[in-house]
Every structure is written in C-alpha cells, then in structure tokens.
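Worth saying up front: this structure is predicted, and the values here are computed from it rather than measured. Read the numbers this way: they start at 1 and go in the same order the structure lists the ligands and their atoms.
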Amino acid sequence: MEKVYIAGVGQTPVRENWEKSLKELAGDAALMAIEDAELGYPEGIFIGNMMSGTANKQLQLGALIADWIGAHHKESLSIEAACGSGAAAFRAGLMAVGSGELSSALIIGVEKMTDSPINEITASLVTASDAELEGDFGVSFVALNALLMRRYMYEYGWEARDFSGFSINAHANAVHNPNARFHNKISTADFERAGMVCDPINLLDASPVCDGAAAIFITNSRPNGKHRSVSVAASAAATDTISIQHRANPMQLFAARESARKAYAQAGISPKDIGVFEYHDAFSIMAALALESCGFCEPGQGPRMALEEKIKIDGEIPVATMGGLKARGHPVGATGIYQLVEVTLQLRGEAGATQVQRNRYGMAQNIGGSGSNIFTHILRQE
Ligand code: COA
C-alpha cells in the first residue's frame, strides 16, 4: 500500500442539534475538511453512518451528501458497521487511496440521533446485536454492556464505583474541547450518586445519545506544509461473535486484541510507542476491556489504570483526550472519524490545553456492536 497522508480535518460540535439536518451536519464537516486540505474536491467520498434508515428515514447517503456539498458526479457511498461505521468507512477510503485507485478521498462520519424519541433510538441501537439471540428478546445495548460489566466485577472483584476513573478523566478533558457534548468536570461523589440506567451501569458510565459529523481528507501526496504532516501507519480490522453468549471468554475483546496486534505489526511498534489512544469508551466497561485488549495493562487491571490516573494527559497512556465517547459524545456512526480527527490534531500539535507531549504515534480504536467488529488505526507524525 502507498503511503497515505491526512490533508484536512473537520468536525461539528457534538450536541442535540435540532437546527441542522443529517445532510447539513455532514456537509458542514465535509466542507471544513476540504477547506483545511486546500486540494479541491476529492476523487471519492466514503460515509460512515449506522442508523439513518431508521432514525432519519434516509438512505442513499452517498449521492445525498455528494450532491449537497457540490461534489457533482464524484463516486460516493456509505458503509455501515454499527458504532464502528466511521472507522470502517475510513479503512475503505484508505484502501482506495493506498492502492492507487483514487488519489484522494473524503471520509465523513455522521449521525443524527436526537430527532427521534429515546425509545426509538434504543430500538435502533440494538440492531447492532444479534436480533435472533439478543435484540428480539427485548435487551437494550446498555443492558448487554451491563451484563459484561457485571461479569467483569464478578471475575476480578471490582465494585461499580471503581469504574469512576474513566468518566472523571473523560469529563475533565472535555472541558477544554469546544466541540464536546459536556463541559462539566465530575467527581467521585458525582459518579457514586449518578442515577442507575441499567444495573450496574449508571448515567456517568454511559455515553450520551447525540448528533454530530466529522470528516477527514486523505491523499497519496504529501500535503502543503500548512500543518505538521500526519500519515497513516496502520489500519486493521477483526470480527468476533456478534452475540456475547457465544464468546469463549466474554472478558476478552478478541477483535480489539487482534486488530491492535495487526496494527502494531504493520506500524512496526508496540503499545509503549503509542503517545495517545482514543479508545471506544461507549461504557466504562468497554474502556477497561479496550485498555487490556490493546496491551496497555493486564486483564482485570483497566479500572486500576484509571483510578491511579495513568490515563491522564501526562500519564502512562493518555486516553479520551478530548472527552472520549463519554463526554465528547457518541454520535454512533460519526465516532470513528471524531477519534481520528482528534488523534490527527494531537499529532499536528494542535490539541490545545489537552495536548500530549509524546506525539509521534497515536492510535484510534472504534468498536461496532458489543465488540463484534473492531477497527484499529495508528497515525504517525512525519
Ligand atoms: N452522561 C451524563 N449526563 C447525561 C448523559 C450521559 N451519558 N445522558 C444524558 N445526560 C443528562 C442530560 O444532559 C440531561 O441533563 P439536564 O437535565 O441537566 O439537561 C439529563 O441527563 C437527561 O437527558 P436525556 O437526554 O433526557 O437522557 P435520557 O434519559 O433520554 O438518556 C441514556 C440517557 C443514558 C439512557 C442515553 O443517553 C443512552 O441510552 N445512552 C447510551 C447510548 C448507547 O447505547 N450508545 C451506543 C453505545 S455502543
């Protein structure tokens, strides 16, 4: 594969955005990335989205968004891999540009969740599970993660309150991100008195339902030097059983471990070389499992890393540096692109108050389903 560079990035604020439609959100992020890249329209457009068919009664996002942003007659399509749709679309665009088929591509992640009542969105989210074995029985996505968290607590002896470090870190970082959904710091006491969503997951363990779009412009030629140059060092994906009941060991995210292993091998590095990790903290339990699966700590030790503040900006492995899914927000199909935009800003040295110091390599991992389809990307400062 040829070397692929990130030439431009764009993102809209993550929030309840009732003033903008799905295509307007996507268009705003897309045009920001195009303007940032200064290379005109891309040759191809790849869109990550999970639920526009159910939540917005709109499919055909490829044609819809190409037309809306004035990229007339360009090839354009959308890709779905549940909450991993953004990184799935990025990987597709990367393969097109890296193979030489296209010289440039724009990858957009977009999701508009808050126009629908919460019960409809909950029903849409659970389509990421196995309908016959999970969704059709009335389980929600929060409930599936609650089962995993309960099992984890049983296996490793943690209490629910021991997971507070993930959310405290995410909210502290989000305060400095103007695009984040939440700008409030939280304390251990706030975490302990947060309302229960699905025992043992409380409100501060969960990512919020929200709207947002982010975009990245990639190219096979080195950009003009306006920003510090960033390239893609690795891209890998792996799947696991879609239903959690079929996993030999549900406490291991096999697809996270496998995609990370392949990504480290492609980049020729190990976890200790990663200076920033945008993980998929849709729920605290996913944050713990991601840290363990990607080799940042031993199984069962994720909560300890957070409690000992090893995940802070100046810690061993800074995570959720702009708020993560918990506090920047999780507009599901857009999340993978927000993560890659944030890693790019870190490697460019443009991350402001939450800039990490060790910024040669950054990793983003985007999880679809309860760990069933996982995409890991490593970006490198050139
Ligand atoms: N963290 C912190 N505060 C939150 C929050 C969260 N995750 N979600 C909502 N809030 C706050 C809101 O800001 C609002 O505060 P306010 O009253 O001060 O304005 C209040 O809680 C109620 O917000 P609302 O939007 O009505 O919440 P809700 O009850 O409809 O939904 C959840 C809350 C947690 C049930 C919902 O966000 C959810 O289902 N999250 C998980 C989504 C999911 O499964 N994503 C896929 C993961 S892979």
**Report entry** Ligand-side contact atoms (ligand 1) for residue partner Leu204, heavy atom cut-off under 4.0 Å
**Finding:** 2 (C)
Report task. With heavy atoms of Cys83 as the reference, note each atom of ligand 1 found under 4.0 Å away. Result -> 48 (S)
Requested in this report: Please lay out, stage by stage, how His227 and Asp36 fare under the test side-chain hydrogen bond (donor to acceptor under 3.5 Å, both in side chains).
Outcome: CA-CA 9 Å; His227 303 285; Asp36 191 34; 2.6 Å; yes
Requested in this report: Would you verify that at least one protein heavy atom lies under 4.0 Å from atom 22 (C) of ligand 1, or report that none does?
Outcome: no
Query raised in the report: For Arg247, what residues pass the salt bridge (charged side-chain N to carboxylate O under 4.0 Å, His left out) criterion, not counting sequence neighbours?
Result: Asp240
Report task. Note the single closest protein heavy atom to atom 35 (C) of ligand 1, along with its residue, its atom name and the distance in Å. Result -> Val197 CG1, 4.0 Å
Query raised in the report: Is the gap between the ring centers of Phe375 and Phe90 under 6.0 Å?
Result: no
Query raised in the report: Which ligand 1 atoms, with their elements, are less than 4.0 angstrom from a heavy-atom of Ser207?
Result: 7 (N), 37 (O), 40 (N), 41 (C), 42 (C)
Requested in this report: Return the residue, atom name and 0.1 Å-rounded distance of the protein heavy atom closest to atom 1 (N) of ligand 1.
Outcome: Lys326 NZ, 2.9 Å
Requested in this report: Answer with yes or no whether the side chains of Ser284 and Asp205 bring together a donor and an acceptor at under 3.5 Å.
Outcome: yes
**Report entry** Under 3.5 Å side-chain donor-acceptor pair for His377 and Ser235
**Finding:** yes
Report task. Compute whether any side-chain donor of one residue and acceptor of the other, for Asp190 and Ser187, lie under 3.5 angstrom apart. Result -> yes
Query - Heavy-atom protein neighbour under 4.0 angstrom from atom 44 (O) of ligand 1 - result: yes
Query - Between Ser104 and Thr219: side-chain donor-acceptor atoms closer than 3.5 Å - result: no
Report summary line: Within 4.0 Å of some non-hydrogen atom of Leu125, the atoms of ligand 1 are 42 (C), 43 (C), 44 (O), 45 (N), 46 (C)
**Report entry** atom 28 (P) of ligand 1 within contact range, any protein heavy atom under 4.0 Å
**Finding:** no
Query raised in the report: Would you find a donor on one side and an acceptor on the other, under 3.5 Å apart, between the side chain of Asp211 and the backbone of Asn17?
Result: yes
Query raised in the report: Any idea which protein heavy atom is nearest atom 31 (O) of ligand 1, and the distance to it?
Result: Ile118 CD1, 4.0 Å
Requested in this report: Examine the proximity of ligand 1 to Arg181 and report which part, side chain or backbone, both or neither, has a heavy atom under 4.0 Å away.
Outcome: side chain
Report task. Give a yes/no on ligand 1: does Met286 have at least one heavy atom closer than 4.0 angstrom to it? Result -> no
Query raised in the report: Thr122: heavy atom below 4.0 Å from ligand 1, yes or no?
Result: no
Query - Nearest protein heavy atom with distance in Å, relative to atom 38 (C) of ligand 1 - result: Val209 CG2, 3.9 Å
Query raised in the report: With distance as the sole criterion, is a donor-acceptor pair present between the side chains of Glu80 and Ser85 under 3.5 Å?
Result: no
Query - NZ/NE/NH1/NH2 to OD/OE distance under 4.0 Å, Glu38 and Lys226 - result: yes
Query raised in the report: How does Ala282 reach ligand 1, by side chain, by backbone, by both or by neither, if only non-hydrogen atoms under 4.0 Å count?
Result: side chain
Query raised in the report: Is there a protein heavy atom at a distance of less than 4.0 Å from atom 18 (O) of ligand 1?
Result: no
Query - Donor-acceptor pair between Thr376 and Gln365 side chains, under 3.5 angstrom - result: yes
Requested in this report: Look up atom 14 (C) of ligand 1 and tell me if a protein heavy atom lies less than 4.0 Å from it?
Outcome: no
Query - Side chains of Thr12 and Tyr338, donor plus acceptor under 3.5 Å - result: yes
Query raised in the report: To which protein heavy atom is atom 25 (O) of ligand 1 closest, and what is the distance rounded to 0.1 Å?
Result: Glu16 OE2, 4.3 Å
Query raised in the report: Without hydrogens or angle criteria, can the side chains of Glu278 and Thr321 be said to hold a donor-acceptor pair below 3.5 Å?
Result: yes
Query raised in the report: Tell me: protein heavy atom nearest atom 7 (N) of ligand 1, and distance?
Result: Ala206 O, 2.7 Å
**Report entry** Shortest protein contact, atom 8 (N) of ligand 1 (heavy atom only)
**Finding:** Leu203 CD1, 3.7 Å
Query raised in the report: So which protein heavy atom does atom 4 (C) of ligand 1 come closest to, and at what separation?
Result: Phe182 CZ, 3.5 Å
Query raised in the report: Any protein heavy atom lying closer than 4.0 Å to atom 40 (N) of ligand 1?
Result: yes
